[in-house]
Amino acid sequence: MTREEAAEILQRIALLLELKGENPFKIRAYKTGAEVVEAYAGDIMQLAADNQLAGIKGIGEALRDKLHEMATTGKLQFFEKLKAEFPDGLFELFDIQGLGPKKIAALYSQLQVGSVADLKRVCVSGEAAKLSGFGDKTVVKILESIAFRAEHASEFRIDQVYALALDLLDTLRAHPAVSRAEVCGSFRRAKETVHDLDFLVSTRQPEQVIADFVALPQIEKVIVQGGTKASVYAPNGVQCDLRAVSSAEFPFALNYFTGSKEHNVVMRQRALDRGLSLNEYGFTPTEVGASLSPEIQEIHDEREIYRALGLDYIEPELRENSGEIEAAAQGRLPALIQLENLRGVFHNHTTASDGRGTLREMAEAARDLGLQYLGIADHSKSSFQANGLNEQRLRAQMAEIRVLNAEFEGHFRLFAGSEVDILKDGSLDFDDDLLAELDYCVASVHNVFNLPEAEMTKRIIRAIENPHVTMLGHVTGRLLLQRPAYAVNIPAIIDAAAETGTIIELNASAWRLDMDWRWWRLAKEKGVKCSINPDAHTTQGLEAVLFGVRAARKGWLTRNDVVNCLPLGQIEGALKKQRAD
DNA sequence: GCCGTTTTCGGCCCGACTGTTTTCAGTCG
């Protein structure tokens with residue numbers, strides 16, 4: 001059993017115990033245990049199998065035994081018994097906004113609701129509204145949440161498919177009969193969520209490649225399998241399509257299946273204007289008897305397709321028909337930022353608040369990634385749920401950071417910051433004197449999400465106008481596929497940030513990717529700088545910058561637009577200048 | 001269920017908001 005599976009079981013136990021109304025602290029102990037298992041630096045499952053778990057904080061005697069059982073038998077009797085008391089579908093009810101353990105338990109015990117489908121039924125029939133603690137508004141909220149969920153059914157966040165995509169791609173590339181392989185579709189275009197994964201290979205033996213693909217251990221179920229195409233499900237429900245084409249067709253198929261549809265339409269029109277018809281197999285002349293120019297006959301990669309149409313190469317991320325074709329025709333496409341351009345990252349948490357790495361561990365992980373600096377920004381005191389720091393603890397952390405920086409002797413630098421809560425009225429959780437002592441400060445909204453748009457906008461702008469606020473955190477508070485953005489006027493926020501020189505964060509967590517890529521071109525035009533922030537709560541969490549860079553590229557950003565591309569020697573001055581302006 | 005200890009039991013993260021209530025329970029962050 002993998003650590004992820006073990007952690008998931010502990011999480012599920014916590015949910016089931018909540019349903020049973022168990023002691024909340026016992027429940028928390030299971031949740032903590034799950035988090036520890038997930039984040040532990042070391043082979044925790046091997047340690048569990050060897051009975052070597054003693055001394056790990058958060059794992060006591062009971063969890064030690066349970067982990068041992070899971071590691072050695074691949075099962076947990078305690079969980080199996082507990083699970084048997086409830087229908088499987090109950091778990092999905094926890095995803096519905098406004099439903100917690102108490103309401104779910106009431107729905108189950110009184111109306112036998114055991115799935116989202118049941119839930120919808122009793123909401124529509126009026127039975128749910130009659131339950132004690134429920135009312136019309138509750139039901140409306142539940143139905144809205146069910147609708148939101150249905151709207152995004154079979155969509156996946158990028159972190160849910162990333163490893164799978166690379167794994168299958170590597171496998172395909174390693175196949176002896178495959179000469180080229182790519183992931184196309186929205187994955188290649190770096191959309192914030194994807195519906196499925198589209199793989200494309202070039203080969204002379206399509207049937208063999210497809211037969212080998214559907215037989216891979218990663219594949220759960222074959223949906224369709226033909227001579228040049230197969231559709232399958234991977235274990236987590238991700239649909240994967242594979243298409244096999246010839247080497248000559250490959251660039252055209254790659255272009256076609258990368259999309260977007262809108263981009264393809266304009267490309268085909270542009271081809272027609274040049275007397276060519278473009279499809280996923282190649283160019284064909286539109287006039288009978290006409291022949292293809294030698295240049296077009298020798299197309300080996302996507303770049304040459306664009307060249308043939310009088311265009312600079314358009315990176316996949318930009319292919320949304322939002323001005324990229326015009327820019328490519330005029331030679332004014334931006335040189336998009338690359339992961340290697342990042343020199344440091346801001347907005348990261350440690351064990352001081354709700355993170356799981358210590359200052360030192362986070363710093364070491366950042367150095368291992370080749371970064372020159374790491375900005376710490378633990379939660380502020382109002383975020384109780386996240387163990388936010390009060391003034392005293394924040395000052396203690398600043399002192400600790402100074403000590404570590406002395407130790408690094410200039411080879412690496414920690415920046416002392418805070419993710420300070422923007423309170424309901426737009427004031428901040430710390431006073432200006434304390435904020436002035438910090439190297440930088442991220443201001444974020446963490447509560448009261450339901451303000452009217454004008455009020456929320458005013459609230460955030462007030463925070464932006466505080467000269468101590470270096471950057472604005474996750475602008476809309478959205479959680480992809482789970483919680484929509486709160487109402488806020490983003491152009492007004494961008495204007496305010498431009499006015500005050502406040503940086504806007506591109507929160508790189510796969511759950512957020514906030515501010516959305518669709519707004520960055522506007523921000524850039526207005527002169528607003530971006531900071532790609534992993535919002536890491538663990539050492540591995542730093543790697544989310546990868547998703548952030550994808551989103552930044554999709555937002556047309558270059559290294560010059562992103563402050564954390566500045567090397568250590570320059571970032572400090574930039575932060576100071578930002579705060580002085 | 002975990003932790004720490006004044007060592008075997010008491011404390012464990014708090015507050016705002018919502019919608020249901022008619023004084024508060026449940027959810028969320």
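Residue numbers begin at 1 in each chain, while the letters A, B, ... track the order of the sequences.
Counting non-hydrogen atoms under 4.0 angstrom, A:Leu423 reaches nothing in the nucleic acid. Among the protein residues, A:Leu63 comes within range of the sugar-phosphate backbone only, with heavy atoms under 4.0 Å from sugar or phosphate atoms but none that close to a base. Using a 4.0 Å heavy-atom criterion, one finds that A:Ser383 contacts no nucleic acid atom at all. When heavy atoms are screened at a 4.0 angstrom cut-off, A:Asp136 is found touching the sugar-phosphate backbone but no base atom. Contacts of A:Pro24 with the nucleic acid, taken as non-hydrogen atoms under 4.0 Å apart, are absent.
With respect to A:Lys524 and A:Asp561, a salt bridge is recorded, a charged nitrogen being found less than 4.0 Å from a carboxylate O. In this structure, A:Lys141 does not pair ionically with A:Asp136, as no charged nitrogen and carboxylate oxygen lie closer than 4.0 Å. A salt bridge links A:Arg356 to A:Glu35: at least one charged side-chain nitrogen sits closer than 4.0 Å to a carboxylate oxygen. Electrostatic pairing of A:Glu18 and A:Lys31 counts as a salt bridge here, judged by a charged N lying under 4.0 Å from a carboxylate O. Under a 4.0 Å N-O distance rule, the pair A:Arg157/A:Glu192 does not qualify as a salt bridge. Contact check on A:Arg12 versus A:Glu8 returns a salt bridge, with a Lys/Arg side-chain nitrogen under 4.0 Å from an Asp/Glu carboxylate oxygen.
Both A:Gly100 and A:Tyr30 sit near DNA chain B, but only A:Tyr30 has its closest nucleotide nearer the 5' end. Nearer the 5' end of DNA chain B, as judged by each residue's closest nucleotide, is the contact made by A:Leu131, out of A:Leu131 and A:Gln385.
Residue A:Asn23 has its side chain nearest to B:dG1 when only B:dC14, B:dC17, B:dG1 are considered. Side-chain proximity of A:Lys137 to the nucleotides B:dG1, B:dG19, B:dC3 is greatest for B:dG19. Distances from the side chain of A:Val448 to the nucleotides B:dA16, B:dC12, B:dT27 place B:dA16 closest. Looking at the side chain of A:Lys26, the nearest of the listed nucleotides B:dG19, B:dG1, B:dC13 is B:dG1. With B:dG1, B:dC3, B:dC13 as the choices, the nucleotide that has an atom nearest any side-chain atom of A:Lys57 turns out to be B:dC3. The listed nucleotides are B:dG1, B:dT27, B:dA16; the one nearest the side chain of A:Lys103 is B:dT27. Looking at the side chain of A:Arg483, the nearest of the listed nucleotides B:dC12, B:dC17, B:dG29 is B:dG29.
Of the P atoms belonging to B:dC12 and B:dT5, the separation is 15 Å, rounded to the nearest Å. Taking atom C1' in both B:dT21 and B:dG26, one finds a spacing of 12 Å when rounded to whole Å. The C1' atoms of B:dC9 and B:dG15 are separated by 29 Å, rounded to the nearest whole Å. Comparing B:dC14 with B:dG4, their C1' atoms are spaced 23 Å from each other, to the whole Å. Annotation: B:dT8 and B:dG1 have their C1' atoms spaced 15 Å apart (nearest Å). Look at the C1' atom in both B:dT6 and B:dG11: the space between them is 14 Å, to the nearest Å. Separating the C1' atom of B:dC13 from that of B:dC3 is a span of 15 Å, rounded to the nearest Å. The gap from the P atom of B:dT20 to that of B:dA25 amounts to 16 Å, rounded to the nearest Å.
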ring-ring contact (aromatic ring centres under 6.0 Å, His included) evaluation trace for A:Tyr373 with A:Phe412: CA-CA 6 Å; A:Tyr373 53 91; A:Phe412 182 82; 8.0 Å; no
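Taking atom CD of residue A:Glu35 and atom P of nucleotide B:dC2, one finds them 15 Å apart after rounding to whole Å. Following rounding to the nearest Å, A:Leu451 (CG) and B:dA16 (P) show an atom-to-atom distance of 15 Å. Note: NZ (A:Lys102) to C1' (B:dT20) measures 15 Å, nearest angstrom. Atom CG of A:Leu15 and atom C1' of B:dT27 are 14 Å apart (whole Å). Rounding to whole angstrom units, CG of residue A:Asp354 and P of B:dC13 are separated by 13 Å. We find that CZ of A:Phe134 is positioned 16 Å from P of B:dA25, with the value rounded to whole Å. One atom, NZ of A:Lys141, and another, C1' of B:dG19, lie 8 Å apart when rounded to the nearest Å. One interatomic measurement links the two molecules: CZ of A:Phe94 to P of B:dT27, which rounds to 9 Å at whole-angstrom precision.
Look at B:dT8: it lacks any Watson-Crick or wobble partner with both distances under 3.5 angstrom.
At a cut-off of 3.5 angstrom, the base of B:dG15 holds no donor-acceptor pair with the side chain of A:Asn447.
Dashed line: the shortest gap from a side-chain N or O of A:Thr138 to OP1 or OP2 of B:dT20 is under 4.0 Å.
Using the six-membered ring where Trp is involved, A:His537 and A:His379 have ring planes that are tilted, between 30° and 60° apart.
Stacking here means ring centres nearer than 5.5 Å and ring planes tilted less than 30 degrees, and by that measure A:Phe25 stacks onto B:dC12.
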